[in-house]
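Values reported hereafter were calculated over all heavy atoms of this structure, with side chains retained and with hydrogens, waters and symmetry mates removed.
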Amino acid sequence: MKKFTCLILIFVIAASLISFPVLGDMKWIRQSEIQPKITDAADQSETSFNDPFEAIWYFHGARYDNNAYNDGWVRSWLRNGGSRFGCRNWYDPVGDSIMPIRLGGSPYGTSDMNTVQFTVPDSLGITIKKYYRYHPPTIVVDGRHLERPYPLLGDYYDPDKVWGTADVMVESHARNWMGLDIYQRVLSWVSKHHNQYVVYDWTIVNTGNIDLDDSIEREGYAIDSLYFMRQLEMTVNDQTPTKAEWYTWCGVSPDWDEPKDSVRCVISYPAMDWVYGGGTPWKGDAFGCFLWERDYLDDPCSGCEVMLYVPQSSDVAMGPGPDAENGNPENHPETDDVTQPKSHGNWGPDDFEYKHNSGIRSIEDWRQCYNAMIYGEKGDPDYDPYVEWMTGTYPGTYHPVPPDMRGYEIWNDLDKNGHVFWHAMCQAGMGPFHLDYGDSLRIVWADCGGRLDARSSWELGQAWKDSSITFVTQSGDTLDINDISLTAPHLPNQADTIHIPPVYRNNPSRWQPPEYLPSEYTSYRANLIKDMWVYSTVDSAVRHAINAQWNFDHNYDIPVPPPPPSIEVTSGADQIVIEWWYEEPTDVPSDRAGYKVYRSTGSEGQGPLIENTGVLGEWEVIYEAGPDEDTYNDTDAIRGEDYYYYVAAFDDGTHPEAEDPNGVTGTSEALESGRWQNHTYGVIGAASLKRPTGDSLSQIRVVPNPFNIASQNMQYEGGSEKINFFNLPGRCTIRIYTFTGDLVKTIVHDDGSGDEAWDDPTGEQYQVTDDSRHIVSGLYIANIVDDETLESINIKFVIIR
């Protein structure tokens, strides 16, 4: 036994002396319209997150889907992403040999956070840190806290650490088996014009260390012909079997005449998979984005990844650059290479040489992937016969014609090479770079969203369905279905052709009704106008890319609004009280001008919601307060409705925090904090007027009674299964029985008001039993006992589900 114990002790001591890579931790930036998940190992693969296909969320707009609540987030807007490295003539210290090709990094499919790319913890074992420019606000509704937990491990209030005027910055330190250290910083803003993109700022250093111990295995060795490849697997209108995406790229030519060519972007916008979803009710429709029975455009969103800074390629040493550990946000435009990225390509989602990490792929797969970094899609011989080069691009760059410009009639034609199916992956390759030992390079990009909001989606869906849909062009013309043609030139003004999606432009005959269906001509033209609206989201995404470039060019020093205040909402008998304050005096800005109190009805704090009857629950300003006010009493609330609130602080437009107060628009403007920072939300975040107590038990009412789940207009907005008890004693016990006498729910009412809802202990679900099961249709009896007088009453009510 002693010998066995000694062996265990020896093993434990030995294990403690070995450095093992640390498996990943994550931070989630949730302050704005675009919400990325960031891992400490700087990867976005399918194996990086608990929810494997949700690297970035993007907000489109909340709505009702057939009486079910949809919170409006496109969770797989960026399904997954990859960042891969490749080089030539890499010295292998383990085998003491030269490898012709070495591949590393983390692809979009499977990552290896043990060996290929892994996190480097700090001296305290922390692997990822999140810095706030201001104290996160407190959010309280009727005594219940709604703010997200803070601080978690690695969370800090430290405005001096945050670059520029960003609201939040996440940073981590990763390493890969090529001997490259990656210092990752991710920055987010809530400011108007900048709240729909997120910036990734990377500094990559040749440290020569290929693992986690302190020894430098490749000391003195350079990394030659280094390429960096970004991989994007975007499902911008959320992933379903009928939805796909077109990819295109821009900014690859020295001559351009469209705004989108002023930035270097990979762009993704909706397509329809005709194998799964073609035909009725999408007759003659290239994009889909419509659900017939729900009367709105479904997730009409686009996205792009814009390269903000890529250093000039070089076959000589690049120098040590800035202090990578502490970083430097300053922009040096003279060293930016406008010809980068050098290549682009469109791939199938399951091409394993591109999808899986280098540790489980062959040397031949490494070579093929490296060639794709250099030559893009045509670097793969399986793709070459099907793709032509773009003309007029920068010399020495390799850009095939983008998928949406290849003349295909439908998205599924991309599958001619046998690779693309269901959806696709796009890549951008940058390089070559030469890093001597100790040298570094910086690469910066931003992921940007574009969308039609929920109200527009509903209104356009209605208009599309009855063929009254119109479109306003850049020339100022308002076009209806009588103003367009399904054959060239499509629009009265040729300059407006820019609004027509390429698949319609290139194949006008494809989108005309068959000769035997002449009556369908109207709906086909309505499809074209609808898809012009969907295609306009590309312009929105590019606009945000241009704003991100302006932000980077100004060293992240841009005008920003005041920080959001903490808020407390208290439901009363005749009013709802909203109070606000700052957690620390240092959070109060010198240019604060006042506050706006926003309210939303029955939308769980997301708003707006969509029903067949219209748009509900939009946020509206109900009060504008001065800078010294801190309370508002909402006396306009209606009894029985749920209300949600947030308080936005706004400034006077002088912006002393920014070097250029005029901002990206060139004009100084007042800015206000965003709703995602302090809005109330969820069932437990609902505030509502509380009735005074009843004078007698005979006044108690159950509302609605009967409850019929099919009678939507007889239900509470935003709480469709809500049942209320009104005119109760201030303190009483409600026991709900089935008609046969089985006790299903006990509710203790003790807040002193006359109202109580039938919900679960968390307040998040209605009509549930004590063991959290939903009840069934039937006649129910509520036995209500006044806890002070011990008087009781039985009230019958009916539920139809």
Side-chain angles (χ1 to χ4, degrees), residues 21-29 35-50 52 54-56 78-87 103-122 126-131 154 163 168-188 198-207 209-212 223 226-233 305 307-310 321 324-327 355-359 373 427-428 430 433 435 440-447:
V22 178
L23 294 181
D25 196 2
M26 184 196 81
K27 294 292 182 183
W28 195 353
I29 296 180
Q35 300 192 352
K37 300 175 183 179
I38 301 105
T39 67
D40 50 9
D43 67 313
Q44 299 172 310
S45 75
E46 293 179 2
T47 58
S48 301
F49 311 108
N50 292 331
E54 299 182 3
I56 296 181
L78 177 61
R79 191 173 188 264
N80 296 108
S83 300
R84 308 200 71 175
F85 299 88
C87 69
L103 213 65
S106 174
Y108 65 95
T110 61
S111 58
D112 178 350
M113 291 185 287
N114 287 293
T115 305
V116 179
Q117 183 161 303
F118 43 88
T119 183
V120 180
D122 68 7
I126 298 173
T127 61
I128 187 168
K129 300 174 183 179
K130 186 177 184 180
Y131 296 104
W163 283 8
V168 175
M169 185 178 80
V170 172
E171 71 174 14
S172 68
H173 178 193
R175 181 175 295 156
N176 67 35
W177 68 353
M178 295 172 65
L180 293 173
D181 277 32
I182 303 162
Y183 292 88
Q184 171 183 234
R185 293 172 179 89
V186 184
L187 299 96
S188 174
V198 60
V199 172
Y200 295 77
D201 197 316
W202 281 22
T203 301
I204 302 152
V205 186
N206 178 11
T207 62
N209 195 340
I210 65 174
D211 52 31
L212 275 179
I223 294 183
L226 175 67
Y227 278 84
F228 175 71
M229 178 169 70
R230 278 291 296 159
Q231 300 173 307
L232 295 175
E233 192 179 23
E305 184 160 287
M307 304 310 301
L308 304 178
Y309 176 83
V310 184
E325 186 169 355
N326 295 312
K355 179 175 183 176
H356 295 303
N357 73 78
S358 308
M373 294 179 182
Q427 64 118 110
M430 287 145 272
F433 309 107
L435 294 183
S440 66
L441 66 92
R442 182 187 187 191
I443 296 179
V444 188
W445 68 90
D447 288 327

Legend entry - Which atom of Lys130 lies closest to which atom of Ile29, heavy atoms considered: NZ-CA, 4.2 Å
Legend entry - Rounded distance [0.5 Å steps], CD in Gln44 versus CD in Gln231: 10.5 Å
Inset, instruction - Please round to the nearest 0.5 Å and tell me the distance separating atom CD of Glu54 and atom CH2 of Trp28. - result: 7.0 Å
Inset, instruction - Provide the closest heavy-atom pair for Gln117 versus Ala41 in the form atom of the first, atom of the second, distance. - result: NE2-O, 2.8 Å
Inset, instruction - Would you check if Asp201 and Arg442 make a side-chain contact, meaning some heavy-atom pair closer than 4.5 Å? - result: yes
Legend entry - Leu435 CG to Ile223 CD1 distance, which is reported to the nearest 0.5 Å: 6.0 Å
Inset, instruction - Could you pull out all residues at least two apart from Ala174 that satisfy side-chain contact (heavy atoms from CB on, under 4.5 Å)? - result: Ala42, Ile182
Legend entry - Qualifying salt bridge (charged side-chain N to carboxylate O under 4.0 Å, His left out) pairs, either residue in residues 172-182, two or more places apart: Arg175-Asp181
Inset, instruction - Quick one: closest heavy-atom pair of Ile56 and Tyr200, and the distance? - result: CD1-OH, 3.7 Å
Inset, instruction - Of all the heavy-atom pairs spanning Met307 and Ile443, show the shortest one and how long it is. - result: CE-CG2, 3.7 Å
Inset, instruction - Please examine the side chains of Leu103 and Trp177, heavy atoms only from C-beta on, and report whether any two atoms are closer than 4.5 Å. - result: no
Legend entry - CD on Gln35 to NZ on Lys37, rounded to 0.5 Å: 10.0 Å
Inset, instruction - Show the numbers, then the answer: is there a side-chain hydrogen bond (donor to acceptor under 3.5 Å, both in side chains) between Ser83 and Arg230? - result: CA-CA 5 Å; Ser83 300; Arg230 278 291 296 159; 2.8 Å; yes
Legend entry - side-chain hydrogen bond (donor to acceptor under 3.5 Å, both in side chains) assessment of Ser45 paired with Asn80: CA-CA 5 Å; Ser45 75; Asn80 296 108; 6.0 Å; no
Inset, instruction - Evaluate the side-chain proximity of Pro107 to His356: yes if any heavy-atom separation is below 4.5 Å, no if none is. - result: no
Legend entry - Side-chain touch Phe228/Leu226, heavy atoms, less than 4.5 angstrom: no
Legend entry - Distance, nearest 0.5 Å, that separates CG of Leu180 from CD1 of Ile210: 11.5 Å
Inset, instruction - Report the residue from Asp43, Thr39, Thr110 that forms a side chain to side chain donor-acceptor pair (under 3.5 Å) with Ser48. - result: Asp43
Legend entry - Thr127 OG1 to Asp122 CG distance, which is reported to the nearest 0.5 Å: 8.5 Å
Legend entry - N-O pairing of Glu46 and Arg79 below 4.0 Å: yes
Inset, instruction - Compare every heavy atom of Phe118 with every heavy atom of Asn114, then report the nearest pair and how far apart it is. - result: O-CD2, 3.7 Å
Legend entry - Heavy-atom closest pair, residues His173 and Thr119: O-OG1, 3.5 Å
Inset, instruction - Would you mind checking if Lys129 and Glu171 are paired as a salt bridge, meaning a charged N to carboxylate O distance below 4.0 Å? - result: no
Inset, instruction - Indicate the ring-plane relationship of Phe85 and Trp202, choosing parallel, tilted or perpendicular according to the 30° and 60° boundaries. - result: parallel
Legend entry - Chi angles and distances behind the side-chain contact (heavy atoms from CB on, under 4.5 Å) call for Tyr227, Met430: CA-CA 6 Å; Tyr227 278 84; Met430 287 145 272; 6.0 Å; no
Legend entry - Listed partners of Ser172 passing side-chain contact (heavy atoms from CB on, under 4.5 Å), at least two apart: Asp40, Ile128, Gln184
Inset, instruction - Just do the side-chain hydrogen bond (donor to acceptor under 3.5 Å, both in side chains) check on Thr203 and Ser440 with the steps written out, would you? - result: CA-CA 7 Å; Thr203 301; Ser440 66; over 6 Å; no
